[in-house]
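Some notes on the structure that comes next.
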2 protein chains.
Amino acid sequence: MKKTDLRVVKTKEALKEALVFLLKEKSLKSISITEICSIAKVNRGTFYSHYEHVEDLFEDYYKDIMKDLTDSYLEPYKHVQILDTGQLNPATIRIFHHIAKYEKFYKIVFSKTAPLSYYYLLLEHIQQLMEKDFGSLSPAEEDRSMLSAYQANAIIGLAVEWHRQDFRQSAEEMNRILVRLLRYTTG
Amino acid sequence: MKKTDLRVVKTKEALKEALVFLLKEKSLKSISITEICSIAKVNRGTFYSHYEHVEDLFEDYYKDIMKDLTDSYLEPYKHVQILDTGQLNPATIRIFHHIAKYEKFYKIVFSKTAPLSYYYLLLEHIQQLMEKDFGSLSPAEEDRSMLSAYQANAIIGLAVEWHRQDFRQSAEEMNRILVRLLRYTTG
DNA sequence: ACTTTTATTATACAAGTGTTCAATAAAAAT
DNA sequence: ATTTTTATTGAACACTTGTATAATAAAAGT
């Protein structure tokens, strides 16, 4: 693994900083590559040697946040014994708190014009975390990915609806709603 | 309700036809407004008086398909009595067959670069269909939208995973997988 | 320190975008 | 059939995009 060129690191940092700056005053959709480069003081051609679209840069930023937050997701798991069912344990799900904390960020991720790639990044992340809970009753190998896709996307569905209702519930309320919903779906 | 101007109808039809034609040979992302207008023999300025982006035109096309298919979704419900639980009834879910039938279309809808708006159109559609099943045990008013969001998105999660695996399972297999998964999640 | 490698820059170009406007032509209204 | 309304056109504009090139400067390798 060769260490990356310092110039590349600096360039990417400058671009990311410019994007974050611009996101505070306008929508992702309205931010142009030219604009980012002008603020970052980076040549536009250099942008294209690293990314294709503004969205790719945002995705880089996104990945950073996901990484930073993996620990906070996993944190509650340290206090609980291994779950003995494949069911979701609402008490251990920190996702609603996470989304509330980064509300502004998720308003971009869940906006109609956002590319599906952002959604997929979140989905994959949650899928991975959930697969930890399969533990004992691991479904057939071929069903594993389907089960995690099913459960993870169900949770994201709540987040999407939450977003649609402009986050009027608190994260705690969302967890309580989840408990109630599981009661319905499990008969 | 004033009848729409014939010119508008003709223009929109020409644009839609041009888009569908182009989608057969290239990706949605690579299709320009200029290109569509050139084929449709419509002035570019006219395009902008109806739509903002190529995606908006596609969304129009999308809605048509959704409408055409609502009947096929509901068709199985005519042969079954009212469901007595809020649970998903895999036998009545025609969605996997629908997706298989329009596989090429859904490869666009589920592609990473597609805007989330396509996803939402599908979600809303399925949500509405599912809310019909709540019947007797209707959850509290405030939980209704959350429950349908949860269940509808869970199903779409399977479709997304199906797409990720390049639709290697048949629609029937997907329905069987759903039955198995419900066994896990309902303990 | 010196050389080699390569990321970045400056510049230019063809094409697409988003917008505006007066002129035109097609449809609706009478 | 004639008038009124309005969608469409053509043309022009500043701007962004995507791509390519040689020149430069900065980092890595020795």
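Between the CD1 atom of B/I36 and the P atom of C/dG18 there is a distance of 12 Å, rounded to whole Å. Distance, A/K29 NZ to C/dT17 P: 12 Å, rounded to whole Å. Between the P atom of C/dT8 and the CZ atom of A/F47 lies a distance of 13 Å, rounded to the nearest Å. Going from atom CD1 of B/I31 over to atom C1' of D/dT17 covers 18 Å, rounded to whole Å. Atom-to-atom, CG of A/L57 to P of D/dT17 comes out at 13 Å; the value is rounded to the nearest Å. Note: CG (B/L15) to P (D/dA7) measures 15 Å, nearest angstrom. Residue A/E35 contributes atom CD, which lies 19 Å from atom P of D/dA14 at whole-angstrom precision.
Note on B/T34: a side-chain N or O is less than 4.0 Å away from OP1 or OP2 of C/dT17. At least one side-chain nitrogen or oxygen of B/K10 sits closer than 4.0 Å to the OP1 or OP2 atom of C/dA27. For D/dA7, the OP1/OP2 oxygens have no side-chain nitrogen or oxygen of B/T11 closer than 4.0 Å. Distances shorter than 4.0 Å separate some side-chain N or O of B/H50 from OP1 or OP2 on D/dT8.
Below the 3.5 angstrom threshold, one finds a donor paired with an acceptor across the side chain of B/R7 and the base of C/dA26.
In this structure, of D/dG10, C/dT17, D/dA27, it is D/dG10 that holds the atom nearest to the side chain of B/N43. Considering only side-chain atoms of B/H53, the nucleotide from D/dT9, C/dG18, C/dA25 that sits closest is C/dG18. Here the side chain of A/L6 is nearest to one of C/dT17, D/dA26, D/dA28, namely D/dA28. Here the nucleotide nearest the side chain of A/I33, chosen from D/dG18, C/dT8, D/dT8, is D/dG18. For A/Y48, taking side-chain heavy atoms from C-beta onward, the closest of the listed nucleotides D/dA25, C/dT17, D/dT19 is D/dT19. With C/dG16, C/dG18, D/dT8 as the candidates, the nucleotide lying closest to the side chain of B/R44 is C/dG18.
Within the 4.0 angstrom heavy-atom criterion, base atoms lie near B/T46. Using a 4.0 Å heavy-atom distance criterion, B/K41 is classed as a sugar-phosphate-only contact. Heavy atoms of A/E52 sit under 4.0 angstrom from primed sugar atoms or phosphate atoms, though from no base atom.
Heavy-atom minimum distance, B/A14 versus B/A40: O-CB, 3.4 Å. In terms of heavy atoms, B/K63 sits closest to B/L121 at CE-CD2, 4.0 Å.
Side-chain atoms of A/S117 and A/E55 include no donor-acceptor pair closer than 3.5 Å.
Using a 30° and 60° split on the angle between ring planes, A/F58 and A/Y118 fall in the tilted class, from 30° to 60°.
Among A/Y102, A/F96, A/F110, A/F105, the one residue that satisfies the ring-ring contact (aromatic ring centres under 6.0 Å, His included) test with A/H163 is A/F110.
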